[in-house]
Structures are given as structure tokens and as C-alpha cells.
Amino acid sequence: MISVVLAMIWSRRGQAVTLALLAMLAVVSSVAAPAYLLAVERAVAQGQIETADLDELRLQLRAASDATSPDQISGTVDISSAGAALDAMTGFSFIYSEEMPAVGIEPTDLYASRVVFRQDVCDHLVLVAGRCVSGEGDVLIGAASAERLKLRPGDAFQLRAAQMKGDTRPATWVPGAEPKTYTIVGTYRVPNPSEFYWGTHGYFISGPFIGPGEPIFTTKTTLTSVQRTISIAAIDGIADPGTLDIDRLDTVRADLAALEAVTSAVSGIILDTGIPRLFDRIESGRAEARLLVPVLALPLVLLACFSIYLTVGHGAEGRRDEIAVVALRGSRWWTRWWLATGESLAAVLAGALAGCVVGQLLVNAVSAAIFPGAGADPTLSSLRYAPAATVVALAAALLAQRGPLLSPVSALLQRTTRNRRPIPVIEAVVLVLAVLAGVQLYLSDGSLDGLGTFAPALVMLALALLAARAVLPLVSRYAGRALHRGRLGAGLAGLQLSRRPGAGRLFALLAAAAAVAGFATCAVDTAWQGREVEARLGTGADRVLRIETGPEPTLSRRRLLDAVRTVDPEGRFAMAVAELPSGGSAGVPGLAVDSARLPAVASWPAGGPAAAEVAARLRPQVAERPSFTDDEIVVDVTLSGIAADRRLLLGIAVSSQAGLGETIVEIGVLKTGPNTYRQPLSFCAKGCWINGIGVSGLGKATETTGKVEIRSLSGIALSSSWWASQNARVTTGSSLVIDAAARAAPAGTAWARPLATPTPLPLAYAGAGPPGGVITSLGGDPIPITGVASLPAVPRAGRNAVLMDLELADRLAVDGHGAQSPQVWLGPAAPDDIVERIAEQGLTVLGDTDAAQVRERLDRQGPALALTFHILAGVLAILLGAGALVLTVAVDRDRRAGDLSALRAQGLPARVVRGATLWTYPVLVGFAVVTGLLVGVATWWLTGWALPLAGLTPPDLPMPGMPRLPVLLAVAGLVLAVLVVVALAGGRDLWRRTEKGLS
């Protein structure tokens, strides 16, 4: 019997090979999914490690001491207590450092010099003059500082450990220890300030209240011998190349946990590291991949089994006469069963065994091309689903042959089968499961677990089967009408499609294959667009520079504006930006921007008004604020109408025209009747604007009413227009009169502001906007606002945020605070030396976020990497469809060639037969591909929203939900071209066989 089966396989070896390939693809799908998932997880780890920030690749042990505090702790790291845990951290290079603040070399007391010992420092410096430090008292100073201070090697100077004096404005540094003499032995420059060696100490950050960004380097002996006030000791552990390798993550995690346990038990030692954040991000990416890969792995396996079911069943129908002969000879049931199924089962089993190897090899090849360096990490776990896929493929082959095996001999000997439409049990089961899976997916809010994991696969298959049930009857009607009207070629092609056994299943299979490709296209392209939105709109501009706010006085909005406008006077590439405190506007975050520069700089959301239009609405023309120039503020006030047991305070919010900051000048408690008040205000010697005049009550007293008449205020004109907050009323004339109903500051202050801003304040906002039509982010009382533009999202801030003009924010601010989270946004025209230009204006750049780098980082995260499997799944689906089509044509061709040859012998024209042979399957392919892509898009619309394309915690941005039409059409054209070529090749072969039958 085995020899008979082998002879059958050899006689139909083309069909056997094709069936084996389909079975191989079924097992390849089951092997490729877990193998590819392992490769993706390794690639996620590699990508996150390679794009990690410096803080995520190092650890730091730090201890500080303050000799001026009675609660001082040890100023050195106790190596004996943490040494064993540090030794266990293999693969890290440890660098010891210690530093103290000192004064004596700089001519200012606004900042202290940083005297630093750092292990092996000279290996990372370029000595401009002199030599490296070696003995006690030796120091290296920066070359720029040496030139500025007129110092050179060999010069000596004295330094004293310093401490901050916080009761001055701004804070100053004063001596706190005995002086020590130091000798300059060399000057240096730093070739690479961002080198990992320097850690996160910020040695080279400069600024008005920070210093020149050139520490004084010395020896450990020097620091040990000097009397100190504040000192900070640290051990930096920097990961060596390969330490945070994909295969060492668990080891590093365990070592880090042991180190944390040791240091937490030692008082005064602080462990600071960003490595756990890196690990969390890797695990998050892996979790996203584990959700995304099975989404198309499941329909791919189902499609492969469906293709086996279709092709085996179609082949069995083609061998009905062979099975009938076996039955007529009275063979026993097992002989009949073996002869009927052995050919198919042997091919399926051979293909399944080959699929175990080919699946891993395919993943290895794809991984090497897409994830270079990560590797596929082949393991036996990749084969865990292969036995199940093999069993399902064999079951599909047996199930497909149940008809010929169970049919009587009389039915098997008939050339045609009755076109019965049995109860669609399979379709009904698939439809019910698809509905249940979709309902679970919806009720679980998109949780891809349980039956919800199968939702896309079941929905695609159900829609493809329903489409086949709907389309083929229409084709049958069309074929009948074509025959009646004399269009014989079209009629014969249509009848072949509608009445041949298995044509409906073939249509459903091709439609399902195209649906998988369409769904994959939707997922990949939608995610691609989402990453672009997240990188561009989420960053806000091509580049965003984060600016140091500085110690007191903090960076003011005016200084930020002036500095950026000086760097870019034409507004072509730079824009000043500050955040609005969300707590003061009922939780609605926002940005204040130099709005005239929005069109040139900001990444603008699609679907809303243009940036230029919004900029014009945010900043209408208004008068300037009243101003004065003096080193004191003088105000003549008359207080009346106040109860004898109540008191009112007067405060004046001023903003420096020289960018020195903002403050509220506290005039003090007002006395009844006319009085003159004076307060020194040195930073107004170069000019100040008046932002507002506030009247507030004392303590927790209830509302205090009174009439405050300001007769003069440092010479400014009080007759100009003013407007008042909700708890005050103003009248102007020769004086400014404020009728106040005030409570305690700041919320209860009654403010009068010069009419230097529009009233109400123009805002653009995304989402519902500030509740109550007011905003309180600028301090003081609520300010009425009006919406001038509705946006899909505010760049960088999200879909529930506000946008306003930064200069108007500066004019309205009465909180005395500087710019919150100051930033400089840069457009594509920004010059390469923009950071240096910003620094020349006295701004210190703390961070630089590049949208292109953000996009690169997103492209190497879990969702983007996992979706590459969807591309592979789409390719395998089309190969399955093409293989099933090849085998169907191969089974049909002998019988169809005989039928058509007989018709040709009866006089049917050659052109009619040629049309019927060449276009039967291409027409089927065309209908199936169009239907399948519609099914794929419909499935995406129904279930795609649940896929974590933007990660498990997506940003608050208007992410796209559908693919781009040109991309979808391009994929449709490619799929159609591949399947039509296969169909045409089969048609040409059938035409040749038909003509050969006439000879």
C-alpha cells in the first residue's frame, strides 16, 4: 500500500510539492511567531540600550556633608560598607570624585568656584599650558578663566571654603573657613564635555548665577588637608561596553538590587541611577511586542490551515473516480481511507517537518536584515506551537476529504456534483466566535487577552466567508445572463467560478489573504504616522532647548524673550516658550510662546487653523505698560472707607526692562488718610514696567473693603486706562481709585492692571478649555479669557491645553515668579552653532531634544519593531494565497482541458475558449483582492483601535487612526499583481492543454 501511495505522489508530484509547501507555511507561521517575538524582544533591548540617556547607563553613590549644620553626616563614601556590592557590579568602571564650593578667585559673590578632585582627570583634559596636578595645593584652571582672570601657570592665589547666604537678594556666597594657598600648575580645556566619564555632575554648565563652567581641578590630598564647609563625595559607576548587553540584563538587575539593599542600610549614602528606568522601558517594549505579534500570527495560522483544507478538498474532488474504483473493488474501509488520504497526509507531514526548520531560518534571515546585532536567539521554545500546527494541518487535510470518503459509489462516479447549499455550520461558528471576540474586546476596553486576542483573526475570516457567500451567487447570475446574450467566454468563465466545487472557498481564502495584507498595511502605516506625530508634535519643534532657570533671581520671561529675539531678530528659526502652571488653571496645562514666530518654528497640528492665523489672533496690537526709571518706588496713597478693625496691604508688581526679573514690591500696611510710601528697588534703576497694583487683606480675616486712591506713583501717568479684577472696581482721572473687596493674598488680592493687554485675554486651546472662562496660571486673581482658535492639540502640551502669547503673559504676571520651564524652540533653519549663540546671551542650555532623535528612538521601541512581523505576515499570507491558487488550478486543469477541448471540437471559437481559460482565475483574483482589502480595512476599523501602536501609555496627542489611501492602494496593486501573474500563468497552461487535446 505504501508503494501505491508513493506512486500516486510521484504521478502528481507537482500537486504534492505545492501541498507540502502550504503545510510548510502553516508550520512556518506557528514557528515564526514565537521565534520572531524572541528576536523582537532582543531588538527592543538593544534599541533602548543604544538610545539610552547618559543617566540610564550609569550609577552614582553620593554623600554630602555640611560643617555649618549640627546634623552633618559623613562627607566620604564608606567603601567598606558598599565595597562588596560595588565589586559585584561587574562590567562597571568606578570613578571617585569630591568637591567643595570656594570663594577668593572670582570677583563676584553671586556664585562659588567649584574645587574638584576627580580620579584620572588629566586623561580626559587637554592641557593648554603647564602640567597635571600631582601634589598638595596643585590646581588646574580652565584656559578661558585663566585668560579672563589674567592668571598663568606658576601663579598662586588663596581660596576659602564658602557657604551660601540666603537672606540676600539674590543669594550670595561668603567665606566660611580658613584660607588656603593654591598654585596653578596648568590650564586646560575639555575636548568632550558630554563624555560619559564626566557623569551627570554638570561641571561645565555655565550661567550668570552658576559660574563660568570651568571647575578648579585639584588632588585628593589637597581636599583632605583643607578646612571645608560643604563637601560632596561621589563614586560614579559607568557601564563598560557590553555590560548592558541583551544577555546580561538579568544579571545587572540582580547586582543593582543587591547594591541598593546595601546602600539603603548605610546612613548618608544615596544611590542615584537611571538604569531601572531603562529596564522598565525595555520591559514595557517587550510587553507591547507580546501583544502585537500574535495579532497577525493567529490569522496567519488559520489562513494556512484553511488553505490546506481548501486544496486537499479540491484535490479529493478531482480524484473522485479513483476513490470510486477502489470502492467498487470492495476494499475495506481502512484501505479505502489510506488510498484516499495517504497522498495528502504524507505531503502535509513532510511540509510540516520542513516548516520547523524553515520557520527558524526565515526568522534568522529577517532578523539579521532588520535587527542587525540583536540576533534571533534560536531556542527550542520557538517550536512549542509546531506540533499543534502540524496536528491542525493534518486534521484540516482529513476533514477536507470527508465528502469523497463518505459518499456512495454512485455519487463518486458522477462527473458533476449537486450544487447544494448546506447549512453553513463552519461559517456560523466562525461568525459567532467573531462576535463574541469583538464584544469581549470592546467590553475589556481593548485588552488583548483571552478571546479578544483572536478578534482580528476571527473578524477577518468571518467577513471573508460572508463575502464569498454574497459574491458567488452574483457571479452565477451574471454568467447565466452572459450565456443568454451570446457572450460565451464570459459566461463559461463565470460558470466555472460559481459552479465548480471549492470555488467559494478559494474566493474566501484569497480574500482572507488579501485581508491579512490589508490589516498589516493599516497597522504599519497608522503606527508610522503616529510615530511621526509623536516625534514632531510631541516635541513641539525640530529641536527644543531646555533652559536653566537659575537660582534667585530666576530667569524672567522678559529676559528669555529678549535673549531669543537677539539671537534671531527676524524670527526665522527660534521662539521663546514657557509653561503655564497647570495648578492655577484648574488642571489645564498650557504654553506661553512668542506667538509671532509660531509659523516659522512650531510643529503644527493638522486639522485646525493655520499657525499664522492663530499667531495673529493671539497678539493683537495693544499699548505698552506704564514704566519708570529709579532705584526706589514712591507712591502717594489715600485710604478711606475701611472699618477701624481692618487693615489693607498695598503691593505693586513690577517687571524689569533690563531682564533682571519680576517682583512684587510690598509697600506695607496702609494707614488711613493721605500718606507717602517709599521702598528701595535697585533693579529698577535701568527701568521697570508696572504690571499691576494689588490690594489685599491681612491674615485669615473675612472680606475687607476700602477705597484706595493712588495720587502718584513714581511719576507715571495714572490717567491712562486700567482694568480691575472681579473683586475690585477702578476709576481714573487725575488719580487712580481702587474700590476693593479684598481677602488675604495671593488669591484674595484685588488687582488693578494697566490696559496693556486685551480684555478678555485671547487664548487658543485644545479640548474643553479653561473652566469658567478664566485663567489663573499667572498668579493673582482669575483673568477672563476668550477663545480665538480651537486646536486639535497644542504642540508639546497635548489635546487638553491652552496656548497664549508670552509677552502678554509677562504683562499680566503679578506673581513675582520667573518663567516656568523656560525653553527655546528651534525650526529647521536654525544654525549649527545655535547653542553657542544662546549661551552668549547668558542662557544656560540644560537639555537638547531633537525631534529626529525622538523619532529614531520611537522606531526602535517595542511597537515599531513588533509591527515588522505584520509585514512578514502579509508576505506569508500572499504566498499562501498564491500556493492555494496554484494547486487549485493544477487540480482543475485536466478536467477543464477535456471539457473545453470537447467544446472546441464541437465548433466553439478559439477566441472564446482562450478568454474563458485566461481570465477565469484573474477575474476571481481581482474580486477577491478588492473584497479582501475592504475586509482588512473593516477589521482594522473594528479592532485596530485596541492595538498598542503608541505604547502601553500613549501620549495625549491626536494620533491617526487610519492608513493613508495611497499606501493602501500601493499595497493593493502589489498583491493584485502577484496573484494575477499566478492566475494568468495557470490560464496559459490550461489554454495550451486545451489546444493540445484537439491534436
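Side-chain atoms of Val824 and Gln841, non-hydrogen and from C-beta on, never get closer than 4.5 Å to each other. Residues Ile275 and Leu57 form no side-chain contact, since every pair of their non-hydrogen atoms from C-beta on lies 4.5 Å or further apart. In this structure, Pro795 and Ser603 have side chains that are not in contact, with every pair of non-hydrogen atoms separated by 4.5 Å or more. Side-chain contact between Leu791 and Pro609 is present, with at least one heavy-atom pair separated by less than 4.5 Å. Here the side chains of Leu808 and Thr757 are in contact, with some heavy-atom distance below 4.5 Å. Looking at heavy atoms from C-beta onward, Val577 lies out of side-chain contact with Pro822 at the 4.5 angstrom threshold. At least one side-chain heavy atom of Leu448 sits under 4.5 Å from a side-chain heavy atom of Pro948. Taking 4.5 Å as the limit, some side-chain heavy atom of Phe573 sits within range of a side-chain heavy atom of Pro831.
The pair Glu41-Arg290 meets the salt-bridge criterion, since a charged nitrogen lies less than 4.0 angstrom from a carboxylate oxygen. Asp542 has a carboxylate O that lies under 4.0 Å from a charged side-chain N of Arg536, or vice versa, which qualifies the two as a salt bridge. Classification of Asp53 and Arg277 as a salt-bridged pair fails, no side-chain N sitting under 4.0 Å from a carboxylate O. Using a cutoff of 4.0 Å between basic side-chain nitrogens and carboxylate oxygens, Asp562 and Arg559 are not scored as salt-bridged. Remark: Arg281 engages Glu56 in a salt bridge, criterion side-chain N to carboxylate O under 4.0 Å.
Closest approach of Trp723 to Pro754, counting heavy atoms only: NE1-O, 3.7 Å. Residues Met575 and Ala602 approach most closely at CE-CB, 4.4 Å, considering heavy atoms. Annotation for Leu618 and Ala764: closest pair CD2-N, 3.6 Å, computed over non-hydrogen atoms. In terms of heavy atoms, Gly769 sits closest to Asn800 at N-OD1, 4.5 Å. In terms of heavy-atom proximity, Ala809 sits nearest to Ala592 at CB-CB, 4.1 Å. Shortest non-hydrogen contact noted between Met959 and Ala950 is CE-CB, 4.0 Å.
The structure places CE of Met460 at 11.0 Å from CG of Leu942, a figure rounded to the nearest 0.5 Å. Leu580 contributes atom CG, which lies 8.5 Å from atom CG of Leu803 (distance to the nearest 0.5 angstrom). Taking CG of Leu867 as the reference point, atom CD of Glu288 lies at 10.0 Å (rounded to 0.5 Å). Between Phe279 atom CZ and Gln48 atom CD the span is 12.5 Å, to the nearest 0.5 Å. Rounded to the nearest 0.5 angstrom, Leu598 CG and Trp825 CH2 are separated by 8.0 Å. Note that CG of Leu957 is 7.0 Å distant from CD of Glu534, once rounded to the nearest 0.5 Å.
Using a 30° and 60° split on the angle between ring planes, Tyr442 and Trp945 fall in the perpendicular class, above 60°.
A side-chain donor-acceptor contact under 3.5 Å links Arg597 to the backbone of Asp568. Listed for the His870 side chain is no donor-acceptor partner under 3.5 Å among the backbone atoms of Phe519. Put simply, the side chain of Arg617 gets close to the backbone of Val788: a donor and an acceptor are under 3.5 Å apart. In this structure a side-chain-to-backbone donor-acceptor pair under 3.5 Å is missing from Arg860 to Val44. Of the possible donor and acceptor atoms, one in the side chain of Trp940 sits under 3.5 Å from a partner among the backbone N and O of Gly961. Side-chain atoms of Thr939 come within 3.5 Å of backbone atoms of Val935 as a donor-acceptor pair (strictly under, hydrogens ignored).
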| task | In sequence, state the C-alpha distance, the side-chain angles, and the governing distance for Leu761 and Thr786, and then conclude on side-chain contact (heavy atoms from CB on, under 4.5 Å). | result | CA-CA 6 Å; Leu761 179 68; Thr786 180; over 6 Å; no

| query | Are Leu872 and Tyr36 close enough, and set up right, to give a side-chain contact (heavy atoms from CB on, under 4.5 Å), and what steps lead you there? | reply | CA-CA 10 Å; Leu872 179 62; Tyr36 202 89; 4.1 Å; yes

| task | Show your working on salt bridge (charged side-chain N to carboxylate O under 4.0 Å, His left out) between Glu50 and Arg857 and close with a plain yes or no. | result | CA-CA 9 Å; Glu50 291 180 355; Arg857 191 175 297 120; over 6 Å; no

| Between Phe869 and Leu37, is a side-chain contact (heavy atoms from CB on, under 4.5 Å) present by the stated rule, with each step listed? | CA-CA 8 Å; Phe869 179 79; Leu37 183 57; over 6 Å; no

| task | Output, in order, the C-alpha distance, side-chain angles, deciding distance and verdict of side-chain contact (heavy atoms from CB on, under 4.5 Å) for Leu843 and Glu548. | result | CA-CA 7 Å; Leu843 302 185; Glu548 169 65 48; over 6 Å; no

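Applying the salt bridge (Lys or Arg N to Asp or Glu O under 4.0 Å) rule to Asp805 yields the partners Arg619; only residues at least two apart in sequence or on another chain are considered.
Sorted by first then second residue, the side-chain hydrogen bond (donor to acceptor under 3.5 Å, both in side chains) pairs that include residues 514-531, not counting sequence neighbours, are Asp525-Gln529, Asp525-Arg964, Arg531-Asp859. Pairs of residues two or more places apart, or lying in two chains, that qualify as salt bridge (Lys or Arg N to Asp or Glu O under 4.0 Å) and include a residue from residues 782-804 are Arg799-Asp956.
Neither side chain, Gln823 nor Arg546, offers a donor N or O lying under 3.5 Å from an acceptor on the other. The closest side-chain donor-acceptor pair between Arg625 and Asn691 falls under 3.5 angstrom.
Applying the side-chain contact (heavy atoms from CB on, under 4.5 Å) test between Leu826 and each of Val564, Ile838, Ile834, Val544 identifies Ile834 as the sole match.
Annotation: Trp941, atom CH2; neighbour count of heavy atoms from other residues, nucleotides and ligands within 6.0 Å does not exceed 12. The environment of CG in Asp833 is crowded: more than 12 heavy-atom neighbours from other residues, nucleotides or ligands sit within 6.0 Å.
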